[in-house]
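Note on naming: letters A, B, ... go to the chains in the order of the sequence lines (proteins, then strands), and numbering restarts at 1 for each one.
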Number of protein chains: 2
Amino acid sequence: MRSIITIAVLLIACLANAETISSPDKKIVLAFSLSGNGVPYYSLTYKDKPVLKTSRLGLELGDTPSLMDGFTVRQVERTTFDENWTPVWGEEKSIRNHYNELLVTLSQDMPNGRLMRIRFRVFNDGLGFRYEFPEQRSLSHFVVKEELTEFALTGDHKAFWLPGDYDTQEYPTVTSALSQVRSKMNGAITPNASRRPISPTAVQTPLLLKSKDGLYINIHEAALVDYSCMSLELNDTTFVLRSILTPDAVGVKAYMQAPAQTPWRTIIVSDQAGEILQSRLVYNLNEPTKYKDVSWIRPIKYVGVWWEMITGKSTWSYSDTNNVHLGVTNFESLRPNGRHGANTRHVKEYIDFAAENGMDAVLVEGWNVGWEDWFDKHKDYVFDFVTPYPDFDVKELTRYAASKKVKLIMHHETSSAVRNYERHMDSAYKFMVQYGYDAVKSGYVGDILPRGEYHYGQWMVNHYLYALKKAAEYKIMVNAHEAVRPTGLARTYPNLIGNESARGTEYEAFEGNNPDHTTILPFTRLIGGPMDYTPGIFQSDISVYNPSNKMFVHTTLTKQLALYVTMYSPLQMAADFPETYRKFSDAFQFIKDVAVDWDATYILEAEPGDYISIARKAKGKNEWFAGSITDENARVANIKFDFLPAGKDFTAIIYADAKNASFDKNPQAYTIRKIKVNANTVLEQDVAPGGGFAISIK
Amino acid sequence: MRSIITIAVLLIACLANAETISSPDKKIVLAFSLSGNGVPYYSLTYKDKPVLKTSRLGLELGDTPSLMDGFTVRQVERTTFDENWTPVWGEEKSIRNHYNELLVTLSQDMPNGRLMRIRFRVFNDGLGFRYEFPEQRSLSHFVVKEELTEFALTGDHKAFWLPGDYDTQEYPTVTSALSQVRSKMNGAITPNASRRPISPTAVQTPLLLKSKDGLYINIHEAALVDYSCMSLELNDTTFVLRSILTPDAVGVKAYMQAPAQTPWRTIIVSDQAGEILQSRLVYNLNEPTKYKDVSWIRPIKYVGVWWEMITGKSTWSYSDTNNVHLGVTNFESLRPNGRHGANTRHVKEYIDFAAENGMDAVLVEGWNVGWEDWFDKHKDYVFDFVTPYPDFDVKELTRYAASKKVKLIMHHETSSAVRNYERHMDSAYKFMVQYGYDAVKSGYVGDILPRGEYHYGQWMVNHYLYALKKAAEYKIMVNAHEAVRPTGLARTYPNLIGNESARGTEYEAFEGNNPDHTTILPFTRLIGGPMDYTPGIFQSDISVYNPSNKMFVHTTLTKQLALYVTMYSPLQMAADFPETYRKFSDAFQFIKDVAVDWDATYILEAEPGDYISIARKAKGKNEWFAGSITDENARVANIKFDFLPAGKDFTAIIYADAKNASFDKNPQAYTIRKIKVNANTVLEQDVAPGGGFAISIK
């Protein structure tokens, strides 16, 4: 009991000496303090409600005293910043970056002294802070054993969580009280090509929380560069979350050299769910773009030879042998399996379809040799990224695509043989330039080679950025799958036009995605950057394509349309087959029409796990598109058209669930109707279970 | 007792069913057999004396049944091979590759069957064998948990051993009975920048053994490609050595894909020590060169800006700061420490000296930015290999060296940041081509990044060969230090003109090398390929160069000369300072004269750990050079000149220890005399303690 009293006194002492700083609108207040023994703490309030209780800060280092205590405050600096910046692509044409900053310089009393800074930036939508290690004699090169940043929550919040894992985020989101995480963990860890769960109570970021007093809190990180990715270890008694970094093969979390800094730790907070979706805090904490010329970067709407392999209708590989050696195997002499998707004739069909329907590009997976034994075989030299299969005529397809004014999108599956990829990277990018490709989808399926490294460790974080910067040298855009979750780096490196880092549409063909999946992702995964979710599946019964695959898509058809608006991305796929789109050409019209770049975004309705309704204005055009989705429960959406310019009438085309539609029983029942709308219009629209609707307005 | 009887019966049964094959001269006999439960065994005799008793063969695999037992013999094939091949450089102009081969195909009874082959090649000088995994359905991609190849010695032999280690061979050789290995292990593990000792009884290869009945046995491996390096685990009760492979970060020893094979396991045996030195078995087990054009590969005699840093007289780094960032730090603005060796003026002095004395090239270490904090700091981006220090004018030095017809040798210290090296490799080699460098000394000091990988693991073995093949694309020769020990790969890739992989001369400035060191290395380390030992140190008292370094060279001056003959290498350094060579210009004449490539080699006397006398005929010339060295004991060498063509007189210049010379008290006392010699001459020459002598004959 005595120790508890001591702590209470100590915390009061902390607060007594606290440095505080508030957001420009004064709603959010950050307090920083040192305890009696020089331990740094911080706390956060929103409209006077506690968001984070007094939470400890610090790092354990290897082979040198920690940065956990023994600090005194040497200097406190306060600044204010306000600017508008123009993203290369995005949800709005201009983003305001407005914050008050508190920079605390701490010193430890040891030979030569030792300095650490903590930089807090308080925005109207939340807090970002990071540790900084200035250049100094006593701390130049060091090893981070663990970063022990706490996020002390105020109670047993509702959480939208994924199991903490060093290798994957491809898990269904679990919605539960924090106190239930432990009991639900085992069930939450679903199969994956590479997974490394952390502990019975570790969860990933971006983590969305909802407190009983109505606060929405998103915890994530920004600008993950040359450091390992952070997960959160939950103390399910105290509800304190603590950072846990991804280790390397010997357990080290990061190798550092001063001057250096950690990524920003971010807390977005609001009592309005929609404001979480509108937050650009993570981007604002990243550096402005490092590229002088960004003219080659552009949003893309694409189709691809992809869903047919995912469903099992066709194959990535050319043959059914199970053992090939690049440079040795004569692929010409292999017996074709007859189901190879990436063949010249078939790709031309996609090119034709793209050209006919205004799609920008065609992704082709399985075009290059090596897919016969690419997966789960510890193979190092698995792909060379420049050798097509015998039935893929890259020269002819380049010519043909160019004649149709369609781009081809390259595919670089690495099989996580990362050194092999780096060795071939220059020649692979040169090959792309030679054949007119300007975008690549890269993949990191399976355990990292060398074994012992994880997808989210510093080593790999370094690699993803290397691949991105190298691509920029060749003016190539990157869409990296299975890479580390995005942390807003696309502001700095806007050729990162997509990432996966969550369960995409492909899981509809594997296990199914929960109907509430896409009502959560914008609050979690998308906080760091766009996702190549690959929507647009109209044929929800997958056995139509592949009788042995009994899975189905857990949405109605028009919910698929709504996703083009609710799941923001500058890279949007129309993922289903051309013949299916031809069959549902009236609904496909929306995909043809919908913009992929925006002047403005309006969050109309939002509740994580339940529903989202968003409207957006197309970039540089007087066109608007809206999308509304729900979870497994039917609802009535309430759409106010006050985002439209006042005093003008527009025609809205509404693609909506039919009366009897539902994701599991009748997904393809939809209606399309035109109505007149203006800024005063309010639409009450029925949404089917697992359904959604889309609106285009001109 | 009963089990012992069972084993005895079993071994007899083995022998009863043995397949045997002998060397072309019938002296060596290999027997192969399967035990009753299908365990493969082999044994080896030399002139009817047992060399290896019945020794088990096999491999443990991960996640799949082992390749240890359950075999039946499916096929036995016998072939004979005899050819002469011409090395690009070497100890003789032509090498005979003559062996009888036994290829045993074994099968395991399991679904689809499983095949493994063991290929034995018996030469007049020993045995090579390897495991082969043919392409087959039941074994395509697999993981080697451990290779369990035994070498069952016949007794408690005298061994010349290094502590088993996954990272370094830079240990003094211990000479002891095998039974003493355990008790001497702790003392044998001396400090190193990266070391990872294996066990209390593990030793490295090449391991030299001498049996009580007078056999010299060398155990090593040949053609280490895409596999991890083998050490030997000693059972010091039974004297059975067992292979132990270098693991990766998760403990896996090798990732394999059939068709595949292990490196050759080699046993060189003779009752004449000199025949061990004459063995080319390891080269013969490597593939012929893969290069069509080898005209750009040539032996090199060189000087360099190197010993001055090793002794501590000057520095690799330009400044004394301890924290630099490539691309950020302005090296121009750093305060020079005034002791930077690789400065333009000083390098020109070396170029002048090389030109005046017929040296081919000048090595310059410390020319490129990054040395301020290169070592032991876990730095990844430590060097970029293309940015000179401000005081190193690469353009001017290129011009100057070319005008003097001297080559510059590039230096690439990687600091074991291997990914960083590979990322920069193309630009580094291009830079070399641009500035006329055609040879590089590479270095791998410190623990491998990523941590968890070892210098001798499959991952790194793969890297060294990658670097070598990439260099060949640019017609660049490679001298790799701290890389895995050579296994004859220079036959296949003859641009590998040097390796370190043992304690070189540099240790004379660190701890000292034992006087017997160089009487052992030709029997051990040099069996796999040449060593860049960097002899030629005339100033044995190092404090003359750096008063704070109290070390001294453990040889006499003329022993340094002898090393140019006894330590074969196509790359020979004259490692001391120009001013020292000018001071001892009469002795330096031998270094100027001595050849670095040979038509023929004659082992005149040899006893490992005691003495070696070798004569060699210069390539394409009627010139001969001889060298003779001893350990700490004085001796009288007995040199027969019968290697000379009969019936002709020649002038021999003899560089010998003076009467009162000794390595520790009077190392610089030498005499130079001329004598007439012919094929009948016999010279009795006194050799001082730690001494040696050199002879040049024209």
Side-chain angles (χ1 to χ4, degrees), chain A residues 62-63 135-137 139-144 226 247-252 254-260 321-326 328-329 372-382 417-420 422-423 425-427 447-454 457-460 462-463 466 469-470, chain B residues 62-63 135-137 139-144 226 247-252 254-260 321-326 328-329 372-382 417-420 422-423 425-427 447-454 457-460 462-463 466 469-470:
Chain A
D63 301 328
E135 193 158 351
Q136 56 192 298
R137 270 180 70 187
L139 193 70
S140 60
H141 306 75
F142 58 102
V143 157
V144 176
D226 204 16
D248 73 356
V250 299
V252 166
Y255 300 96
M256 307 289 282
Q257 182 186 358
T321 59
N322 193 27
N323 188 6
V324 296
H325 290 258
L326 301 199
V328 177
T329 301
E372 277 71 11
D373 58 359
W374 72 286
F375 175 63
D376 201 24
K377 303 226 168 24
H378 317 280
K379 250 189 109 156
D380 192 348
Y381 185 33
V382 58
V418 179
R419 179 171 70 175
N420 181 57
E422 291 202 6
R423 285 179 177 177
M425 199 174 273
D426 270 301
S427 59
D447 290 336
I448 301 296
L449 271 174
R451 297 284 180 258
E453 294 298 326
Y454 301 113
Q458 185 183 23
W459 180 257
M460 285 303 299
N462 180 306
H463 164 81
Y466 176 78
K469 288 157 102 173
K470 267 265 170 202
Chain B
D63 300 330
E135 191 157 352
Q136 56 191 298
R137 270 181 71 187
L139 192 70
S140 60
H141 306 74
F142 58 101
V143 158
V144 176
D226 204 16
D248 73 354
V250 299
V252 167
Y255 301 95
M256 307 290 281
Q257 182 185 357
T321 59
N322 193 26
N323 189 5
V324 296
H325 290 259
L326 302 198
V328 177
T329 300
E372 277 71 12
D373 57 359
W374 72 286
F375 176 63
D376 201 24
K377 302 225 167 28
H378 317 280
K379 251 189 111 157
D380 192 348
Y381 186 32
V382 58
V418 179
R419 179 171 70 177
N420 180 57
E422 291 202 6
R423 285 178 177 178
M425 198 173 274
D426 270 301
S427 59
D447 291 335
I448 301 296
L449 270 176
R451 297 283 180 259
E453 295 298 325
Y454 300 114
Q458 184 182 24
W459 180 256
M460 286 302 299
N462 180 306
H463 164 80
Y466 176 78
K469 288 156 100 171
K470 267 266 173 203

Please confirm whether the backbone N or O of B/M256 pairs with a side-chain atom of A/H378, one donor and one acceptor, at under 3.5 Å? no
Keeping the roles fixed (side chain from A/R419, backbone from B/W459), state whether a donor-acceptor pair exists under 3.5 Å. yes
Point-to-point distance, once rounded to the nearest 0.5 Å, from OG1 of A/T329 to CD of B/E135: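 It comes to 7.0 Å.
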Between A/H463, A/M425, A/K379, which has the largest tally of heavy atom pairs under 4.5 Å with chain B? A/K379
Out of A/G452, A/A249, A/P450, A/S140, which one racks up the most heavy-atom pairs below 4.5 Å with chain B? A/P450
Under the side-chain contact (heavy atoms from CB on, under 4.5 Å) rule, what do B/D373 and A/H141 come out as? Steps first, then yes or no, please. CA-CA 9 Å; B/D373 57 359; A/H141 306 75; 2.7 Å; yes
Please classify the contact of A/D248 with chain B as side chain, backbone, both or neither, using a heavy-atom distance under 4.5 Å.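 It is the side chain, since no backbone atom gets that close.
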In terms of heavy-atom proximity below 4.5 Å to chain B, should A/K470 be classed as side chain, backbone, both, or neither? neither
Taking atom types as modelled, find out whether A/Q458 and B/D380 have a side-chain donor-acceptor pair closer than 3.5 angstrom. no
Is B/V143 close to chain A through its backbone or its side chain, or both, or neither, when contacts mean heavy atoms under 4.5 Å?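 Only the side chain of B/V143 comes within 4.5 Å of chain A.
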Please state whether the side chain, the backbone, both or neither of B/Q257 comes within less than 4.5 Å of a heavy atom of chain A.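 Both backbone and side chain.
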Counting heavy-atom pairs under 4.5 Å to chain A, which of B/D426, B/V324, B/V418 comes out on top?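 Greatest number of close heavy-atom pairs with chain A: B/V324.
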